[in-house]
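A short write-up of the structure that comes next.
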There are 2 protein chains.
Amino acid sequence: MIKVLVVDDHVLIRKGLVLLLESYPDISIIGEAGEGEEAVRLALKEEPDVILMDISMPNGIDGIVATQEILRHSKNIKVILLSMHDEEGYIQEAIEIDADGYVLKNSQGGELYHAIKQVHKGEKYYKVGLPPEQIDRLFENKGNKQASILTLREQEVLRLVVYGYTNKQISEKLSISPKTVENHKSNIMAKLELKQKSELIQYAIANHYIDSQ
Amino acid sequence: MIKVLVVDDHVLIRKGLVLLLESYPDISIIGEAGEGEEAVRLALKEEPDVILMDISMPNGIDGIVATQEILRHSKNIKVILLSMHDEEGYIQEAIEIDADGYVLKNSQGGELYHAIKQVHKGEKYYKVGLPPEQIDRLFENKGNKQASILTLREQEVLRLVVYGYTNKQISEKLSISPKTVENHKSNIMAKLELKQKSELIQYAIANHYIDSQ
DNA sequence: AATCCTATAGGGGTTTTCCCCTATCCTAAG
DNA sequence: CTTAGGATAGGGGAAAACCCCTATAGGATT
């Protein structure tokens, strides 16, 4: 029996996915989350075998950030990212953060089941529109991406800052002290040689820390 | 028995919606379509009572265009638009083309059922994140494209707020007192029924007060 | 072994924001 | 003529952010 956690911010879609997966006798849905923060909390509490995680979610903690948070704490949980997009950039990002699978929303139900079985066995499942050789190349080039000036943590903080969260809210989402958030913020400003918050926002917009579809 | 046609380009989501709706005994799914063109063809051939139509679909014929085509040929069919977005612009467009309902993808399954029942009776169903008075206003202003909830000044202030300018900076740019900026901000929050700054930012992003790209 | 980087956290003081009021002037609608 | 709404402005107090500095633990690099 594979214990699965389903994460998608759209209730209708989430419920649909749950119904779809519940028709398989060897899959047991042990929880649902509607946002990244809750996903992290549930994942660490329930310890599912596999998490089915939508990439695009609101509130700054999208599927990518939530996956990073989860894998930071528990290497045993497998995460399959669910996405509408099959562009290289998204897939590269998924590989970068060590996601175990990547499934498109317009694949067949059976494919999703297959993906869950496969990652549960410890294998990767990346079946997307791109040719397999290209995906292999992305795996090989992992880590070579021109590293951002900002550390991963700083990027997480920045994303939440531009979404307008207070230091306290950010500290809760990341389970750190508000003071640490302050420090990350001022380190970011120093690194980027920015003096004003508005410059920071503009940097974030230019570097796509905000997705406005 | 209400005959329903389900239209969504993402297979997983479409299958999920079908499963969800099939659990209601007085609903019968008479067809599925994965793109706008097929939706129009099926609608005119099968004559469903209600169509559940995703707004965002590829190939030019999205849910809006498909709905217009269908309603042009048959006034008896009711169309409920299904969308991820609850921004003014989208809802305004739905009202403009005379869609019978508008349901968010993150509403509860029961709400979808309720929407289907209600439009089948000939009533409109527009239950979205916006306050009801604002939806009424959009209906009243139908045909008049320049209807925004926020005043011009409020929109100016909002744009500057999301770009991270301080009250003082905004006051200088607009040649008003910082106190007035404060007031505009809290008026905006009150109008939109928002409680947190992060919600304001998200509203602004969703409504394209920020241009990335 | 020593050094650098990252992530964490705090002290203490200044500045800014936020919140809940009140208030005036002007214009448009009834 | 009265009422409503928009734009302006302020008082006063609580909360939060911001700034500068210190500090520690763990990992990677040299």
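Naming: A, B, ... by sequence-line order, numbering from 1 per chain. Being a predicted model, the structure only gives us computed values, none of them experimental.
In this structure, NE2 of His184(A) is placed 11 Å from P of dT6(C), rounded to the nearest angstrom. To the nearest angstrom, P of dT6(C) lies 15 Å from CD of Glu156(A). In this structure, Asn187(B) atom CG and dC19(C) atom C1' are separated by 13 Å, rounded to whole Å. Protein atom CG of Leu152(A) is 14 Å distant from nucleotide atom C1' of dC5(C), rounded to whole Å. Straight-line distance from the CG atom of Leu174(B) to the C1' atom of dA9(D): 15 Å, rounded to whole Å.
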Taking N or O atoms only and anything under 3.5 Å, show me the protein contacts with nucleotides 24-30 of chain C, one pair per line.
none

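Ser74(B) contributes no side-chain N or O that, together with a main-chain N or O of Ile70(B), makes up a donor-acceptor pair within less than 3.5 Å.
Legend: ring pair (Phe, Tyr, Trp, His ring centres under 6.0 Å) pairs involving residues 41-87 of chain A, not counting sequence neighbours, sorted by first then second residue: His85(A)-Tyr90(A).
Within a 6.0 Å radius of CD in Gln108(A), no more than 12 heavy atoms belonging to other residues, nucleotides or ligands are found. Counted within 6.0 Å of CD on Glu93(A), heavy atoms from surrounding residues, nucleotides or ligands total 12 or fewer; the atom is thus considered open. By the 6.0 Å contact criterion, NZ on Lys191(A) is enclosed, its count of non-hydrogen atoms from other residues, nucleotides or ligands being greater than 12.
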Checklist outcome for this item: Protein-proximity profile, nucleotides 10-28 of chain D, B/S/- by nucleotide at the 4.0 Å heavy-atom cutoff, equals BBB----SBB-B-------
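Taking 4.5 Å as the limit, every side-chain heavy atom of Ile188(A) sits out of range of all side-chain heavy atoms of Val161(A). Between Lys124(B) and Asp98(B), the closest side-chain pair of non-hydrogen atoms falls below 4.5 Å.
For the side-chain contact (heavy atoms from CB on, under 4.5 Å) with Val65(A), the lone residue among Arg159(A), Lys173(A), Met57(A) that qualifies is Arg159(A).
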